[in-house]
There are 2 protein chains.
Amino acid sequence: MKVLSKASVYGLRALLYIVSKKDKSEYVSIREMSEELSISFHFLTKILQSLTQRGLLESYRGPNGGIALKLPAEEIFLIDVVKILEGENFFDSCLLGLPGCGEFEPCPVHDFWKVTKAALQDEFATTSLAELGTKISENRLRLSG
Amino acid sequence: MKVLSKASVYGLRALLYIVSKKDKSEYVSIREMSEELSISFHFLTKILQSLTQRGLLESYRGPNGGIALKLPAEEIFLIDVVKILEGENFFDSCLLGLPGCGEFEPCPVHDFWKVTKAALQDEFATTSLAELGTKISENRLRLSG
DNA sequence: TATATTTAAGACAAACTTGTCCCAAAATAA
DNA sequence: TTATTTTGGGACAAGTTTGTCTTAAATATA
């Protein structure tokens, strides 16, 4: 079951890498992240570019440059990242792909999918990068295979 | 959010079309389904072929031929269809794509994704084609855009 | 038998996602 | 200024999913 595209997965892993670093005062280079997370450097660059363009990240060129969060990690939620990388309508999908599926014209599985979607959306909307960063540090969780 | 491939979506819609037909005694032609559901005929043919090869459907060639369920609709569950068309490991996915993610080596979002996956799997495992067929008939639900 | 109908099966093409490569632009440091 | 480092951005290639086309095989009917 592939819920998120590679772009979202890589983007999230990179942001989690940033927030789980000890030193929060420096830019993190994309090269470092791509190597630590085993992600294609150029692909990751483009993903992070999108996040920078949309104001979620700040980038800085040149030696010791890199990427940094533009907001405190407490104020960035998974849903912010996913909506940028997957599209604003990410949580509006119909499981059977019927256009206009909703309360008025539901598909046969709308009732239960609606509930699942809402639960997922809520989880994404309330889970911050800070929360996961703490979790990663405390439990020494990995971010790559 | 694309949880199911087109193959699964089309396969499910076709099966729901079959079970929501009044006359259950005849084969339903793929051509009819492809037209009623606005699905490419050849693509649908291949999808249903997979289901036939895996014993979920029965096919019959020649005039008045077509496709029929090989089991009563009460005994076919969404999970049966999806596991054939998406793969047996469909419900084992890690949201962040980390290999071996599980209780021993969880990814940072494993705890909540585990719950969501289980709820989805349960819903797929307990929803039968018969149940949805009844729902479709009673509420005149559509199966195509 | 001959013809029409329908699924089976494979080759192929189009579209989308993912990944690679190259060079430009910005910043640092010597 | 010059060289080096790093992101920006576009072209392009590879891979996967989705869709199309052609022919074969099975069945029914006349």
Side-chain angles (χ1 to χ4, degrees), chain A residues 1-15 18 26-70 82 84-87 90 93 96-97, chain B residues 1-15 18 26-70 82 84-87 90 93 96-97:
Chain A
M1 174 166 28
K2 209 184 80 175
V3 171
L4 299 175
S5 65
K6 292 273 188 194
S8 287
V9 164
Y10 293 165
L12 287 171
R13 299 219 318 244
L15 296 193
I18 292 175
E26 311 179 318
Y27 289 103
V28 183
S29 91
I30 302 178
R31 177 68 67 185
E32 173 188 338
M33 289 192 276
S34 77
E35 284 170 359
E36 291 295 322
L37 302 176
S38 303
I39 298 172
S40 146
F41 167 72
H42 292 285
F43 193 23
L44 184 57
T45 295
K46 281 196 293 194
I47 295 164
L48 297 180
Q49 252 177 57
S50 307
L51 298 177
T52 301
Q53 287 163 349
R54 291 289 298 273
L56 211 63
L57 299 177
E58 187 178 7
S59 69
Y60 201 85
R61 302 189 201 189
N64 303 312
I67 296 289
L69 302 187
K70 202 158 184 179
V82 165
I84 290 172
L85 296 175
E86 303 277 352
F90 184 68
S93 71
L96 294 183
Chain B
M1 176 167 24
K2 208 185 81 174
V3 171
L4 299 175
S5 66
K6 292 274 188 192
S8 287
V9 165
Y10 292 166
L12 287 172
R13 299 219 317 244
L15 296 193
I18 293 174
E26 311 179 318
Y27 288 103
V28 183
S29 92
I30 302 179
R31 177 68 67 183
E32 173 188 338
M33 290 191 276
S34 77
E35 285 170 359
E36 291 295 323
L37 302 176
S38 304
I39 298 171
S40 144
F41 167 71
H42 291 286
F43 192 25
L44 183 56
T45 295
K46 282 195 292 194
I47 294 164
L48 297 180
Q49 253 177 57
S50 307
L51 297 177
T52 301
Q53 287 162 350
R54 291 289 299 272
L56 211 63
L57 299 176
E58 186 177 7
S59 69
Y60 200 84
R61 303 191 200 186
N64 303 312
I67 296 289
L69 302 186
K70 203 157 183 181
V82 165
I84 290 172
L85 296 175
E86 303 276 353
F90 184 67
S93 71
L96 294 182

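Proteins come first, then strands; the chains are lettered A, B, ... in the order of their sequence lines, and each starts at number 1.
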### Message
With hydrogens left out and only the distance checked, is there a donor-acceptor pair under 3.5 Å joining K46(B)'s side chain and the base of dG19(D)?
### Response
yes
### Whole angstrom value for the distance that separates P of dT16(D) from NZ of K6(A)
10 Å
### Message
With a 4.0 Å cutoff (strictly under), does any side-chain N or O of Q49(A) reach OP1 or OP2 of dT7(D)?
### Response
no
### Message
Please give me the minimum heavy-atom distance between I67(B) and S59(B), naming the atom from each residue.
### Response
CD1-CB, 3.7 Å
### Message
Nearest whole Å is fine: how far is dC21(D) P from F41(B) CZ?
### Response
13 Å
### Task
Compare the minimum distances between each of dT6(D), dT20(D), dA26(D) and the side chain of R61(B), then state the nucleotide with the smallest one.
dA26(D)
### Query
Nearest-Å distance, CG (L44(A)) to P (dT6(D))?
15 Å
### Query
CD1 of I47(B) versus P of dT18(D): gap in Å, rounded?
8 Å
### Nearest-angstrom distance from the residue atom CD of E35(A) to P of dT5(D)
13 Å
### Message
Rounded to whole Å, how long is the line connecting atom CG of L57(A) with atom P of dT6(D)?
### Response
18 Å
### Query
Reckon Y60(B) has a side-chain N or O less than 4.0 Å from the OP1 or OP2 of dA28(D)?
yes
### Query
Under 4.0 angstrom, heavy atoms only, what part of the nucleic acid is Y27(A) near: base, sugar-phosphate, or nothing?
nothing
### Task
For Q53(A), answer base if it contacts any base atom (sugar-phosphate contacts may also be present), sugar-phosphate if it contacts only those atoms, and nothing otherwise; contact means non-hydrogen atoms under 4.0 Å.
sugar-phosphate
### Message
OP1 or OP2 of dT6(D) versus the side-chain N and O atoms of S59(A): is any pair under 4.0 Å?
### Response
no
### Task
Please list, in 5' to 3' order, the outermost nucleotides of DNA chain C lying under 4.0 Å from any heavy atom of chain B.
dT5(C) to dA11(C)
### Message
Tell me whether the rings of F43(A) and Y10(A) are parallel (<30°), tilted (30 to 60°) or perpendicular (>60°).
### Response
perpendicular
### Query
Across the strands shown, which category fits E32(A) at heavy-atom distances under 4.0 angstrom: base, sugar-phosphate, nothing?
nothing
#### Entry: Rounded distance (Å) that lies between atom P of dT17(D) and atom NZ of K2(B)
8 Å
